[in-house]
K.L.:
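The structure that follows is given in the form of structure tokens.
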Amino acid sequence: MAVTKKRAVATNGLPDISYETIETQLTFRHYPGDRFTHSDLGLSVADVRDMYRNMLLQRRFEERSAQMYGRQKIGGFLHLYIGQEAISTGSVYALKPGLDSVITAYRDHGIALAVGMSSNECMAELFGRVDGCSNGKGGSMHFFSKEKRMFGGHGIVGAHIPLASGIAFAHKYREDQGVCICYIGDGAVWQGSFHETLNLASLYKLPVVYVIENNEYAMGTAVDRAAAETDLFKQGVSYAMPGSLVDGMDVFSVCQSMRDHVALAREGQPSLVEIRTYRYRGHSMSDPGKYRTKDELEQKKNEDPILRLKSYILENNLITVEALDVLDVEVKAEVSASVTFADESPMPPPEAIYEDVYTQKDFPFLTH
Amino acid sequence: MAVTKKRAVATNGLPDISYETIETQLTFRHYPGDRFTHSDLGLSVADVRDMYRNMLLQRRFEERSAQMYGRQKIGGFLHLYIGQEAISTGSVYALKPGLDSVITAYRDHGIALAVGMSSNECMAELFGRVDGCSNGKGGSMHFFSKEKRMFGGHGIVGAHIPLASGIAFAHKYREDQGVCICYIGDGAVWQGSFHETLNLASLYKLPVVYVIENNEYAMGTAVDRAAAETDLFKQGVSYAMPGSLVDGMDVFSVCQSMRDHVALAREGQPSLVEIRTYRYRGHSMSDPGKYRTKDELEQKKNEDPILRLKSYILENNLITVEALDVLDVEVKAEVSASVTFADESPMPPPEAIYEDVYTQKDFPFLTH
Amino acid sequence: MAELQLREAIRAAMVEEMDRDEDIFLMGEEVAEYNGAYKVSEGMRERYGERRVIDTPISENGFAGLGLGAAMNGLRPIIEFMTWNFAFVAIDQIINNAAKIRYMSGGQFSFPIVFRGPNGAAGQLAATHNTSVEALYSCFPGLKVISISNPDDAKGLLKSAIRDDDPVVFLESEFMYGMRGEVSEAEDYTIPIGKARIAREGDAVTIIGHNKSYWRALEAADMLAKDGYAAEVIDPRTIRPFDWDTVIHSVKKTNRCVIVDESNPFASVASEVAFQIQARAFDDLDAPVHRVTAKDTPAPYAKSLIEYYMPSAEDVYHACRQVMYLN
Amino acid sequence: MAELQLREAIRAAMVEEMDRDEDIFLMGEEVAEYNGAYKVSEGMRERYGERRVIDTPISENGFAGLGLGAAMNGLRPIIEFMTWNFAFVAIDQIINNAAKIRYMSGGQFSFPIVFRGPNGAAGQLAATHNTSVEALYSCFPGLKVISISNPDDAKGLLKSAIRDDDPVVFLESEFMYGMRGEVSEAEDYTIPIGKARIAREGDAVTIIGHNKSYWRALEAADMLAKDGYAAEVIDPRTIRPFDWDTVIHSVKKTNRCVIVDESNPFASVASEVAFQIQARAFDDLDAPVHRVTAKDTPAPYAKSLIEYYMPSAEDVYHACRQVMYLN
Ligand SMILES: Cc1ncc(C[n+]2csc(CCOP(=O)(O)OP(=O)(O)O)c2C)c(N)n1
Ligand SMILES: Cc1ncc(C[n+]2csc(CCOP(=O)(O)OP(=O)(O)O)c2C)c(N)n1
Ligand SMILES: [Mg+2]
Ligand SMILES: [Mg+2]
């Protein structure tokens, strides 16, 4: 902390008295798009293919759920992740499956499919059926998979932020080398839980990476109408946490940044990453999205992470167009099968209402 | 925001790939002690005398209340401000009485006496009597004076932070040019309300100054055991808010800093000031203060803001020793009179329990 | 009488009051540019500008407290919660500051503020988005709590709430925002806080229901009417203070009572109403007071389960028959 | 039997369980270096080190949620709130996450966590520091709520709570921390959650009281004994789930009941207990169920007022005489 002595005029017309300044230099990392090749990242062609397939699966799954919502197969809210798939796929590729943990908010289908939850259990959950990943109790906003270490799916904005630090705390406590990634929206930054938790994470040196998925809007509120400081990666300064800014439309940039930050976490240094992205659809199904122009939307669609990866693959002759087309067919078939699966899965019977509330089997519920 | 391109080795043994950095320069103001003279600040000798008297009054009032607590005239918690008096006095001197507003936490006797609340009403409140500044309903932690624009005295750590922005919001809404100063402890910085509110204040350009009275401890927790980043004035970065660091043992430094920041607020720019100070007594009456050494305490007592001002006065021949002694006697008499006043004030009668809950006079309380 | 949607009636109340009093402003998430998540405040930003209709970040604790500070300093805020589920992060401001500061200041500072938004179940939104909060807030002295069931009450009571110098928790319903109903066109129409409404007179049984539950009570009354029994249906409208006189008077006539409350049962408003009835009309009761509530579980997502979770008109009907010893 | 202070009994429970199970840790404000604001955790930091006994900043929402995340990932946290008054800023974590995530995840994630700390009035601390929260938490399915009145129950029930795989809200009392009482020295002494304790048998009236109110109930029973009446005194100990059988059985014998509850009255535990009694023992009641609660106001600071505010043994005694038709 450099202290500089200088003389300056007081702002309010008081006598010209001397005061000093304290100068600090901050450095953040920046991961722009189109900077990393798959070989920079040490990814094989098979890896690239898997990434592409995974992003495509998320896209098609959600397009299909939108359709099913229209047919009233799905109730409640449905928040689509379309446009943001490079974040889920890119970041999950930085994790050790079966060891590391993820947790996110209610826009959770993408992350769920990225960590390997099946289309079937996800679609069945949307349909509210017993074979759903949450037994039909959670719905779109509450996908969970203990097996895949996907800790939800959370509907209260900001409420999962402390959970993530707790998950990381347990990793550290058990010394199992695991790390937790917590995804939050740009809108969630302004919940108190963000502030409290990032300080705790830094104080306790927890193995956690906080990822802000900045898709420019929280419902109808553009980032600059909610944030006094719109460079969200700077929030880490308050907690002595390293911060990075990442282009979220390039899956390789995401992957590289998350590898670096996950490595930091594994060494016991929590950090904050702002990934800039965009959601193509409305906030939820009922949102006409009047707060943005068509032009803005179209322009962003040009940066589409899936098309971008496709171009990259083709330009670099990694996979043939024909092979990609086959992938597309395969993914569509998987999604269609999940709709059939969901439709055939039974609705939970009334008695199920009392299941899953307590671990205690004979809890004496009030019945009148 | 300067973006620098450079090459660096990734932290986790990945291939050496290029990333860029974003560099930002931050500048904070610093108001150390012993830098400002009273004439720098345009203060007359009478002003200096008033400041001295006011700080002394706080000191003697609290020494006396500690005594009365020992005699069980006072119940509940009693948090003493002793050691921090330069902050209350110095900052209130930067305000326009009758226009500007103040609000603080439970360690509120000093601010109350600084804004001109009488020793009588304050002591009577401690005694839980009808002539107390809160009719005996609030006690030590809840001093209020609508007349003096003292908005409390608040016992839940962090809960008054948003109130301050609301008070400032009303000043702005009514365009009355008023400003609100909000005092918070170093411990309160880690409540979510701090984060939420500072963002709101900055977003809405509210005329508010947030003052962190960093007295090094929150109960038994030293700042560096609670704060991942111990330079608390840097918190403003997250909200694009100017920040300053001030020596809280020098009433002139406090006064100058607060004039500058209050002026900023009056122009619609909220800001954050960290004032470093020390509390000589335990957190409350029951705290033996084992978390700090005697040496530390003694050293801090050498910086005593009242002794310091006294030395300044004498060194600069502003007031004679004799005159200061007279002041001392006067202040002691005032405090003694307040004890008599409080003792003679009646206890609230049982019916008073239902008064002051609602403005509605005939609210139908449940009585069984 | 004009026919208005519930959301329009609420808006009309806010607009009439804001036209009348410059000190009133509306603040909340998406209330301004977006015209309200449920379009309650549609057009208000245009009418009053951004000085008086104000969007917030997702910082409920912050803006609830900001509203309270503004109220302490002389303004009359209306704070909208997108739903009351999202007010749990702000509850400290409401129950520690709104409810208690007036008292702790010896009456110096008042809180002429309204916190409003939809309460209770709203379908397949799962457990965190379906909480009923009336009992939680009603137990705190210092607050007033209103829960409305129709456009006319909404308008008349919201106008009273805005004018009231005490903090009011005002509970609406997503499911009812589109519901139409006749609204008085009387100039400056207000309904006093603390007065229940006898929606239908009868002598066979008293059915009490607020908010959506009021409609279940009415439907059950219709079913009983087909059986030849006249149920008295009471909408308490205000939960704190509660209009005990109206309820006790009714129970003394019907000698039996069923309370419908879509909250979880334990320590609900229904519990309190039952307590008061047995305390104040003990000798008049021919049967124990019954209640029909949501199940004693979190709210599930699945359609089959959430329907079972909620109190139904049939449940109410059967409870009535039970207290009438007809089963 | 050993005589322990309440705080020692609570500490003994934590220590025995932490000795037994590495996955248990204690976290909260001032629990470690300072040995606890009320010295409940004295010596524990020394015993277990800073890995397992952890001080926090004043960030209740943050560390309550951190505890929940740790529980989801296999640990068994004990989270201390310095008092329950300070948990309102964290209530969203408890009622939306602790109570509901297990359900929303279809039972995949459990929360073996205890939130503990002193509840209710603690003298001249004014309104924000004297709230009773038992009803607030008990209404949420997914939680268990325990409120203890003496060292023996504290030890036996806290051990059960720590072992329980569901989230438990454990309510203590500043005023009782120093109170001494016999504590079983049985090895691995636990008391089942959900079982009331009949503290004194009698046939004249049933008096129910938990936490500090239990002692008011006992005192009133002593006063009645002097009048020649044997009151039955029940300490429910667990509020959720509540032991209805024990209470109903007692009321069927005594035919009258007084509930002591230092909460504000509206929608309190007392309301629920009264509801259940009139529903389940209607024909056995010879008088309406009465309750003695704190006044329907915020808690005042002045000594004269706070004494009047709290339920007293005399109040309980008079309520008993009233339901016994002796007044
Ligand atoms: C505490 C709380 N407040 C408000 C809401 C309503 N709400 C749901 S999503 C949302 C916007 C969140 O935006 P952001 O965090 O940017 O995530 P995105 O939708 O862009 O993924 C709001 C206000 C909520 N669920 N929880
Ligand atoms: C929300 C909340 N949590 C905990 C407490 C208990 N408590 C009272 S004061 C205090 C320490 C506050 O320290 P600081 O903010 O530094 O203020 P100081 O006492 O130094 O003036 C704590 C933990 C409280 N009153 N409110
Ligand atoms: Mg967003
Ligand atoms: Mg401090």
Side-chain angles (χ1 to χ4, degrees), chain B residues 72 74-77 106 125-130 132 134-142 153-159 185 187-193 218-222 225-228 283 286-287 290-291 346-358 363-368, chain D residues 29-39 50 55-63 82-83 85-86 88-90 92 122-131 264-268 270-271 288 290-309 315 319 322:
Chain B
Q72 298 183 332
I74 298 171
F77 296 147
Y106 48 86
E125 188 59 33
L126 295 180
F127 278 48
R129 305 303 171 93
V130 297
S134 305
N135 296 0
K137 296 256 170 67
S140 164
M141 300 194 285
H142 308 106
H154 294 274
I156 301 295
V157 170
V189 169
W190 306 113
Q191 281 289 16
S193 59
M219 294 191 73
T221 306
R225 295 206 306 117
H283 168 71
S286 62
D287 169 25
K290 289 187 195 159
Y291 41 82
M347 304 239 195
E351 328 66 276
I353 206 159
Y354 293 111
E355 290 163 14
D356 305 325
V357 186
Y358 293 98
F363 186 90
F365 293 97
L366 288 181
T367 50
H368 67 281
Chain D
E29 291 159 16
E30 309 292 349
V31 297
E33 277 206 3
Y34 199 78
N35 282 307
Y38 298 100
K39 303 299 166 222
E50 61 179 18
D55 279 328
T56 66
I58 310 171
S59 306
E60 285 86 358
N61 189 59
F63 69 76
M82 195 175 286
T83 84
N85 299 289
F86 311 146
F88 288 125
V89 289
D92 178 64
Q124 289 188 260
L125 298 176
T128 53
H129 283 55
N130 275 313
T131 316
N264 289 124
F266 196 103
S268 57
S271 321
H290 266 240
R291 70 181 174 195
V292 181
T293 67
K295 298 285 178 292
D296 188 22
T297 70
Y301 165 73
K303 196 157 193 281
S304 56
L305 293 180
I306 187 73
E307 279 166 6
Y308 179 61
Y309 175 81
D315 296 337
Q322 198 165 335

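Reminder, nothing fancy here: chain letters follow the sequence lines and each chain counts from 1.
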K.L.:
Please name all residues satisfying side-chain contact (heavy atoms from CB on, under 4.5 Å) with B/Ala159, sequence neighbours left out, ordered by chain then number.
P.N.:
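Partners of B/Ala159 by the side-chain contact (heavy atoms from CB on, under 4.5 Å) criterion, ordered by chain and then number, come out as B/Ile156, C/Asp92, C/Gln93, C/Asn97.
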K.L.:
Measure distances from D/Thr293 to the heavy atoms of chain B and classify the residue's part below 4.5 Å as side chain, backbone, both or neither.
P.N.:
neither
K.L.:
To the nearest 0.5 Å, what is the distance between OG1 (D/Thr131) and CG (D/Asn85)?
P.N.:
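Answer for the OG1-CG pair, D/Thr131 versus D/Asn85, is 4.5 Å.
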K.L.:
Please classify the contact of B/Asp287 with chain D as side chain, backbone, both or neither, using a heavy-atom distance under 4.5 Å.
P.N.:
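Its backbone and side chain both get close to chain D.
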K.L.:
Please flag which part of B/His142 lies under 4.5 Å from any non-hydrogen atom of chain D: side chain, backbone, both or neither.
P.N.:
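Just the side chain, heavy atoms under 4.5 Å.
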K.L.:
Give a yes or no answer on whether the side chain of D/Glu33 reaches the backbone of B/Gly220 with a donor-acceptor pair at less than 3.5 Å.
P.N.:
no
K.L.:
Can you list everything that forms a salt bridge (Lys or Arg N to Asp or Glu O under 4.0 Å) with D/Asp315? Sequence neighbours excluded, please.
P.N.:
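Not a single residue meets the salt bridge (Lys or Arg N to Asp or Glu O under 4.0 Å) criterion with D/Asp315.
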K.L.:
Just so I understand: if I count every heavy-atom pair under 4.5 Å between each of B/Leu366, B/Val189, B/Thr367, B/Asp356 and chain D, which residue has the most?
P.N.:
B/Leu366
K.L.:
Is it the backbone or the side chain of D/Tyr34 that comes under 4.5 Å from a heavy atom of chain B, or both, or neither?
P.N.:
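The side chain, not the backbone.
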K.L.:
Give a yes or no answer on whether the side chain of B/Glu125 reaches the backbone of B/Gly136 with a donor-acceptor pair at less than 3.5 Å.
P.N.:
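The answer is yes, because a donor-acceptor pair under 3.5 Å joins these two groups.
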K.L.:
Please flag which part of B/Met219 lies under 4.5 Å from any non-hydrogen atom of chain D: side chain, backbone, both or neither.
P.N.:
both
K.L.:
Between D/Asp55 and chain B, with a heavy-atom cut-off of 4.5 Å, which part of the residue counts as in contact: side chain, backbone, both or neither?
P.N.:
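Just its side chain gets close to chain B.
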K.L.:
Among D/Ser304, D/Pro300, D/Ala126, who wins on heavy-atom pairs under 4.5 Å with chain B?
P.N.:
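Of the candidates given, the most pairs with chain B belong to D/Ser304.
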K.L.:
Chain B: which of D/Ala122, D/Ala302, D/Ala37 shares the most heavy-atom pairs with it under 4.5 Å?
P.N.:
D/Ala302
K.L.:
Kindly assign one of parallel, tilted or perpendicular to the pair D/His129 and D/Phe86, based on the angle between their ring planes and the thresholds 30° and 60°.
P.N.:
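Correct class here is perpendicular.
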K.L.:
Might you confirm whether atom CD of B/Glu351 has over 12 heavy atoms from other residues, nucleotides or ligands at distances under 6.0 Å?
P.N.:
yes
K.L.:
For B/Tyr291, is it the side chain, the backbone, both, or neither that has a heavy atom closer than 4.5 Å to a heavy atom of chain D?
P.N.:
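Only the side chain of B/Tyr291 comes within 4.5 Å of chain D.
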K.L.:
Non-hydrogen atoms of chain B under 4.5 Å away: do they reach the side chain of D/Phe266, the backbone, both or neither?
P.N.:
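For D/Phe266, heavy atoms of backbone and side chain both lie under 4.5 Å from chain B.
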K.L.:
Please tell me if the side chains of D/Thr83 and D/Tyr38 come closer than 4.5 Å, counting only heavy atoms from C-beta onward.
P.N.:
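Contact flag for D/Thr83/D/Tyr38 side chains = yes.
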K.L.:
Find the one option among B/Met347, B/Lys290, B/Gln191, B/His283 whose heavy-atom pairs under 4.5 Å with chain D are most numerous.
P.N.:
B/Gln191
